[in-house]
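Any value given below was found using the heavy atoms of this structure, including those in side chains, with hydrogens, waters and symmetry copies removed.
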Amino acid sequence: VSTSAASTIRQVKLERESELRIEVANDTPLKLRLVTGTAEIFGTELPPEIWLTFPPRLKFAVFTWYGATIELDGTTETDYTADETPMISYVNVHAVLEGRRNRAKASSSEGPRVIVVGPTDSGKSTLSRMLLSWAAKQGWKPTFVDLDIGQGSITIPGCIAATPIEMPIDPVEGIPLEIPLVYFYGHTTPSNNVDLYKVLVKELSQMLERQFAGNAESRAAGMVINTMGWIEGVGYELLLHAIDTFNANVVLVLGQEKLWSMLKDVLRNKQPNVDVVKLQRSGGVVSRNAKFRQKARSHRIREYFYGLANDLSPHSNIANFSDLSVYRIGGGPQAPRSALPIGAEPAADPTRLVHVNINRDLLHLVLAVSFAKEPEQIISSNVAGFIYVTDIDIQRKKITYLAPSAGELPSKFLIVGTLTWLET
Ligand code: ADP
């Protein structure tokens, strides 16, 4: 028995084309480094010798193409090696996309527009990330579009967003939050307002289309679009809507034969130029229950204000009610058509802009700060960032909120949905 702290370091030897799957412990971080060989985490190569620190609860895999030795320092919830992975098929997809990018560059045309679909916990975000990182490693700047309002990787929940990926994605930090293009939906499930979701997807795609028109480099690199895990009923319709709206020409279907076959049949007639490819789900993908998802959402919001390692200092600001103008989009849940007299239209227009009086109902909600100059522009405008309402003083007509920094907000137009957060 040794009491020396150094004895917690363990070595793991990985054979070629195998991976070490890790779930970091719930309350302590894990340190890890590459000692020999080469290895990558979701498409991003590990630097040799350097200790990396992974935050609690993170789930990831260290994969090696040719063999590697890894050292771990700290405890894990689980860790095991697996030699059966779908990585070869994933990298083959990458190779095909590379070919299309090169052809697009040579003829200054459109590169591939890839959309990744599949049920929840099929590894969509992870595959998107690998494809982006592999492309970035080869010098492309593909655009990442995240349509997942529940567990997105670009910004806080309740949003759809896009950002160029200029470097392989950092395995710890994730995607840099510098200049994403973000549209605020305000809810974490699309069923709250399906029409609004569609409108925002359309706005985002049109904005990217405009950016692509003036940028041959982005155009050739193309897009990787991540989607929600909702694939039944309206969820399926939303997938078709996204494929159509973004003019996707490669659909990657993860882990679901039925979805693959349905999409293949529908698209064969409607958009015959679209390739629908079936891919295996990795056995390493971890299923996350509703509670875990809720926690992950909360952590994401915390990370926006405080940083991943508590390295940001948000500012508590106080404003007069009259300084701000809060809007909600849509008039609550829509009455189903079937509940109305024949011929009558549902009263609540899902994309109607509703002015909201500031009162204590806003407490603990996360609001978006719109780039709109006029209220009419709110729906079609992207957002600058978010604030969190911490106090409402009705008597003095003052609102206290947390913002990433001090000083005036970029606009007085705020959007409210149902996105709440309890600061812990
Ligand atoms: P989806 O986007 O389909 O919901 P994710 O890609 O987010 O699924 O994967 C679910 C979880 O599984 C994530 O926490 C991810 O980091 C983890 N994961 C994915 N692939 C692996 C793997 N090969 N080994 C270990 N964990 C993995």
Side-chain angles (χ1 to χ4, degrees), residues 86 89-90 92-94 96-97 99-101 104 109-128 130-132 142-152 160 162 183 185 189-209 212 222-282 285 334 336-338 350-351:
S89 60
Y90 293 178
N92 284 341
V93 170
H94 164 69
V96 172
L97 300 178
R100 294 201 185 177
R101 291 188 183 108
S109 59
E110 291 269 337
R113 295 190 176 188
V114 185
I115 187 164
V116 185
V117 305
T120 17
D121 296 329
S122 56
K124 294 179 298 298
S125 319
T126 305
L127 176 60
S128 303
M130 286 184 214
L131 295 174
L132 290 160
T143 299
F144 179 35
V145 178
D146 204 336
L147 302 182
D148 188 352
I149 50 179
Q151 310 279 323
I160 60 170
Y183 289 83
Y185 170 70
T189 64
S191 51
N192 280 45
N193 192 337
V194 170
D195 292 282
L196 174 61
Y197 183 83
K198 285 189 182 169
V199 167
L200 296 180
V201 166
K202 183 103 204 155
E203 289 293 341
L204 175 60
S205 77
Q206 285 171 343
M207 179 62 100
L208 290 176
E209 221 56 84
F212 271 26
M223 299 179 187
V224 176
I225 305 163
N226 182 37
T227 59
M228 297 179 283
W230 192 22
I231 56 169
E232 310 272 338
V234 182
Y236 177 70
E237 263 174 52
L238 289 177
L239 286 182
L240 290 178
H241 176 258
I243 293 168
D244 184 47
T245 307
F246 282 96
N247 269 317
N249 44 30
V250 180
V251 182
L252 302 177
V253 188
L254 269 172
Q256 240 229 21
E257 197 84 23
K258 182 177 147 205
L259 180 63
W260 171 73
S261 133
M262 280 166 70
L263 287 173
K264 214 173 156 58
D265 287 347
V266 172
L267 295 172
R268 186 185 297 135
N269 303 321
K270 274 206 336 186
Q271 286 147 284
N273 62 326
V274 181
D275 292 317
V276 186
V277 182
K278 177 172 56 176
L279 287 171
Q280 211 191 318
R281 173 189 187 276
S282 165
V285 177
Q334 246 180 300
R337 238 165 251 275
S338 58
T351 55

Compare all side-chain heavy atoms of [X] with those of [Y] and state whether any distance is below 4.5 angstrom.
X: Leu238; Y: Leu147; result: no
X: Pro112; Y: Arg101; result: yes
X: Ile160; Y: Tyr185; result: no
X: Met207; Y: Tyr183; result: yes

What's the shortest heavy-atom distance between [X] and [Y], and which atoms?
X: Phe144; Y: Ser128; value: CE1-CB, 4.0 Å
X: Arg100; Y: Val250; value: NH1-CG2, 3.3 Å
X: Gln280; Y: Leu254; value: O-CD2, 3.4 Å
X: Ala162; Y: Leu204; value: CB-CD1, 3.9 Å
X: Thr245; Y: Lys202; value: CG2-CA, 3.8 Å
X: Tyr236; Y: Leu263; value: CE1-CD2, 3.7 Å

Problem - Evaluation steps, side-chain contact (heavy atoms from CB on, under 4.5 Å), between Leu252 and Leu131 - result: CA-CA 11 Å; Leu252 302 177; Leu131 295 174; 3.6 Å; yes
Problem - Residue pairs fulfilling side chain to side chain donor-acceptor pair (under 3.5 Å) with at least one residue in residues 109-119, sequence neighbours excluded - result: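 Residue pairs with at least one partner in residues 109-119: Ser107-Ser109, Glu110-Arg113, Arg113-Glu209.
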Roughly how far, to the nearest 0.5 Å, is the [atom2] atom of [Y] from the [atom1] atom of [X]?
X: Gln151; Y: Asp121; atom1: CD; atom2: CG; answer: 8.5 Å
X: Met223; Y: Ile115; atom1: CE; atom2: CD1; answer: 10.0 Å
X: Asp244; Y: Leu239; atom1: CG; atom2: CG; answer: 12.5 Å
X: Ser125; Y: Met130; atom1: OG; atom2: CE; answer: 10.5 Å
X: Ile225; Y: Asp148; atom1: CD1; atom2: CG; answer: 13.5 Å
X: Thr227; Y: Ile149; atom1: OG1; atom2: CD1; answer: 11.5 Å

Handout entry: Residue pair Val117, Ile231: steps toward the side-chain contact (heavy atoms from CB on, under 4.5 Å) verdict
Key = CA-CA 8 Å; Val117 305; Ile231 56 169; 5.6 Å; no
Practice task
Go through the steps for Asp195 and Lys198 under the test salt bridge (Lys or Arg N to Asp or Glu O under 4.0 Å), then give the verdict.
Solution key: CA-CA 5 Å; Asp195 292 282; Lys198 285 189 182 169; 5.6 Å; no
Handout entry: No-hydrogen, no-angle side-chain donor-acceptor test under 3.5 Å, Asp146 and Asn226
Key =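 Yes, Asn226 and Asp146 have a side-chain donor paired with an acceptor closer than 3.5 Å.
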Problem - Any side-chain donor near an acceptor of the partner, Asn192 and Thr189, under 3.5 Å - result: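 Yes - a donor-acceptor pair under 3.5 Å links their side chains.
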Practice task
Can you sort out the partners of Glu232 under side chain to side chain contact (heavy atoms under 4.5 Å, CB included), two or more places apart, ordered by chain and number?
Solution key: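 Once residues adjacent in sequence are excluded, the partners of Glu232 under the side chain to side chain contact (heavy atoms under 4.5 Å, CB included) criterion are Lys258.
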Practice task
Would you confirm whether Lys124, through its side chain, and Pro119, through its main-chain N or O, come within 3.5 Å as a donor-acceptor pair?
Solution key: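 It does hold such a pair.
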Handout entry: Side chain Gln271, main chain Val274, donor-acceptor under 3.5 Å
Key =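 Answer holds: no.
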Practice task
Let me see the working for Leu127 and Leu279 under side-chain contact (heavy atoms from CB on, under 4.5 Å), right down to the final yes or no.
Solution key: CA-CA 10 Å; Leu127 176 60; Leu279 287 171; 3.8 Å; yes
